[in-house]
Amino acid sequence: MSTDFSPRTLYRLPWNFADNAISWLEPTSTCNLYCDGCYRENRANAHKSLSEIQHELDVFERLRKCDGVSIAGGEPLTHPDIADIVRMVKRKGWKAIINSNGALLSRELLRDLKEAGVDGFTFHVDSGQKRPRWQGKNETELNQLRQELADMLHEAGGLTCSFNATVYPETLCEVPDILAWGQENIDRVHVMVFINYRMAVLGKDHDFYVGTEQVHFDDMMYSKNDDARRTDITSEEVVEMIRSRETDFMPSAFLNGTERPDSYKWLLAGRMGNRRKIFGYVGARFMELVQTWTHLTTGKYLAYAAPSLQRRGRLYFLLAPVDKGLRRIARRYFSSLFTAPSAFFRRLHFQSIMIIQPADVLAHGAVNMCDGCPDITVWNDQLVWSCRMEEQLRWGENVRMVPRKREARHLETERPSIPAAADVSLKPGS
């Protein structure tokens, strides 16, 4: 698929294993919902103790510089000491962001978490979840649930509000509808994330090994036995779908894959506007300046900007001389004031849009992971990809994918034609 951007025109986010914007803490693997394609096994009452959590935070502090910590799981709100966990993260000097499906969040709990110092929430809401009262609803209908959660955070004030949605083959066409809802709530929703559906398709072209021992994925959370459903949606496809409604949508930054530098594993865009109109998308220089300046002044790469900064969009025009995206936004914004002068009194908001393409297995068996991925967690005092934690728990290391002999012979003669990503995919999302 052809695009009008490339690794040469986008800003490659400078995140890496040792110096990153985010770290990923998993205080529990217990969850109150089932999500289609989830990468973590739901274990009843599998809460870590506060001492275990403190130890993992100490490992992060020793091995990884970061701005914020995603408190995930499982469902972190099932942990009885979630407020204490937030306090522990804050004592380290990090932002505390809770990654939740939102089903257990009440105004009372939100008040307690805010008193503990929580900085924001990332809510996972999509039609692949078996939610009471919401089963069978499409993504557009689920905007009502998204609205309830966004309004709750807005009432509390001062909290970052983000939404994740897994993009399934059936819901790819609904991505523009979710983004349209995001624009209608640009004053209270700060980040929109789309995570391409991934599963490991069994019995197709690869076998699975740990060392020299062949293992089986049949009962792994992120495996399936049929290949009728697509598991290879790409970031470029999501971009094209967004452009079917919003023609000037343009990413500005990315993370590439560990195996393929031209793959877009995390694709970031930033748009500016209000509830009535989007004036455009910032360019690569803006993203570079924000990350570089933050690192120079704080020693950290930026994870979640405070809501107070994201609603001061006109201040960003100071960077317009060095960023063509901002120049275009400024021209459109000031031109609009001639026809609607009262618009000057409406705030201009910044909203981030992220597209994540999880791990892909290439035809020769190598796994194209997210290079510089923020969702890195702790296992056995080491930093590992959170999306493959089940492999660590079961076998103590990541599984190798080995092409079957027929495929291997094919590769010997046609190795230059290895596709970008094919056959097997892991991790549907967070």
Q.
Rounded to the nearest 0.5 Å, what separates atom CZ in F350 from atom CD in Q310?
A. 7.0 Å
Q. Checking side chain to side chain contact (heavy atoms under 4.5 Å, CB included) for the pair Q183/R271: CA distance, chi angles, key distance, verdict?
A. CA-CA 9 Å; Q183 179 188 337; R271 62 181 180 178; 3.8 Å; yes
Q: Report the C-alpha distance between F5 and F254 in whole Å, list the side-chain angles of each, state the deciding distance to 0.1 Å, and finish with yes or no for ring pair (Phe, Tyr, Trp, His ring centres under 6.0 Å).
A: CA-CA 11 Å; F5 57 87; F254 78 113; 9.0 Å; no
Q: May I ask you to say whether E390 pairs ionically with R43, meaning some side-chain N is under 4.0 Å from a carboxylate O?
A: yes
Q.
Quick one: does any side-chain atom of N368 pair with a main-chain N or O of T258 as donor and acceptor, under 3.5 Å?
A. yes
Q: Start with the C-alpha distance between V238 and Q357, add both sets of side-chain angles, then the distance that settles side chain to side chain contact (heavy atoms under 4.5 Å, CB included), and finish with yes or no.
A: CA-CA 10 Å; V238 179; Q357 180 178 313; over 6 Å; no
Q. Above 12 or not: heavy atoms from other molecules or residues under 6.0 Å from CZ of R347?
A. no
Q) Less than 4.0 Å between a side-chain N and a carboxylate O, is that true for E108 and R111? A) no
Q.
Can you tell whether the side chains of D187 and R311 come within less than 4.0 Å, N to carboxylate O?
A. no
Q.
Looking at K95 and A303, would you say the former's side chain and the latter's main chain have a donor-acceptor pair under 3.5 Å?
A. no
(Q) I'd like to know whether the aromatic ring centres of F17 and W385 sit less than 6.0 Å apart in this structure. (A) yes
Q) Under 3.5 Å, side chain of R230 to main-chain N/O of E170, donor-acceptor pair present? A) no
Q: Say whether, by atom type as modelled, one donor and one acceptor occur between the side chain of E141 and the main chain of N138 under 3.5 angstrom.
A: yes
Q: Search all heavy atoms of V86 against all heavy atoms of G117 and return the closest pair with its distance.
A: CG1-C, 3.8 Å
(Q) Using the rule given for side chain to side chain contact (heavy atoms under 4.5 Å, CB included), can you reason through W379 versus E26, listing the C-alpha separation, both sets of side-chain angles and the distance that settles it, and then say yes or no? (A) CA-CA 10 Å; W379 183 82; E26 296 192 355; over 6 Å; no
Q. Within the distance-only criterion (no hydrogens, no angle test), does the side chain of R243 pair as donor or acceptor with the backbone N or O of F249 below 3.5 angstrom?
A. yes
Q. So F286 and Y316, would you call those rings parallel, tilted or perpendicular, with 30° and 60° as cut-offs?
A. tilted
Q. Just how far is it from atom CD1 of I98 to atom OG1 of T160, taken to the nearest 0.5 Å?
A. 12.5 Å
Q.
Can you confirm if the aromatic rings of F163 and W181 lie within a centre distance of less than 6.0 Å?
A. yes
Q. Is it true that the side chains of H154 and N185 contain a donor and an acceptor less than 3.5 Å apart?
A. no
(Q) When you compare the side chains of E174 and T171, does any donor N or O come within less than 3.5 Å of an acceptor on the partner? (A) no
Q | Whether H295 side chain and L302 backbone form a donor-acceptor pair below 3.5 Å | A | no
Q: Drop me the distance from E237's CD to D232's CG, to the nearest 0.5 angstrom.
A: 7.0 Å
**Q.** R12/D371 ion pair, N-O < 4.0 Å
**A.** yes
Q. Is T9 reaching over with its side chain to a backbone N or O of S6, donor-acceptor style, under 3.5 angstrom?
A. yes
Q. So, K265 side chain and G372 main chain: donor-acceptor pair closer than 3.5 Å or not?
A. no
Q. Under 3.5 Å, side chain of E139 to main-chain N/O of D126, donor-acceptor pair present?
A. no
**Q.** Step-by-step side chain to side chain contact (heavy atoms under 4.5 Å, CB included) determination, I97 to Y304
**A.** CA-CA 9 Å; I97 307 296; Y304 291 88; 3.5 Å; yes
Q) Under a 4.0 Å N-O cut-off, is there an ion pair linking D36 with K130? A) no
Q) Do the rings of Y168 and Y197 sit parallel, tilted or perpendicular, given the 30° and 60° boundaries? A) tilted
Q.
Side chains of S100 and E75 only: does a donor on one sit below 3.5 Å from an acceptor on the other?
A. yes
Q.
Treating S386 as the side-chain partner and T377 as the backbone partner, does any N or O pair qualify as donor plus acceptor under 3.5 Å?
A. no
Q: Could you grab the distance from atom CG of L10 to atom OH of Y264, nearest 0.5 Å is fine?
A: 5.5 Å
Q | Where L149 and V125 come nearest, the two heavy atoms and their spacing | A | CD1-CG2, 4.0 Å
Q) Rounded to the nearest 0.5 Å, what separation is found between the OG atom of S29 and the NE2 atom of H47? A) 9.0 Å
**Q.** Closest non-hydrogen atom pair between A103 and N32, with its separation
**A.** CB-ND2, 3.5 Å
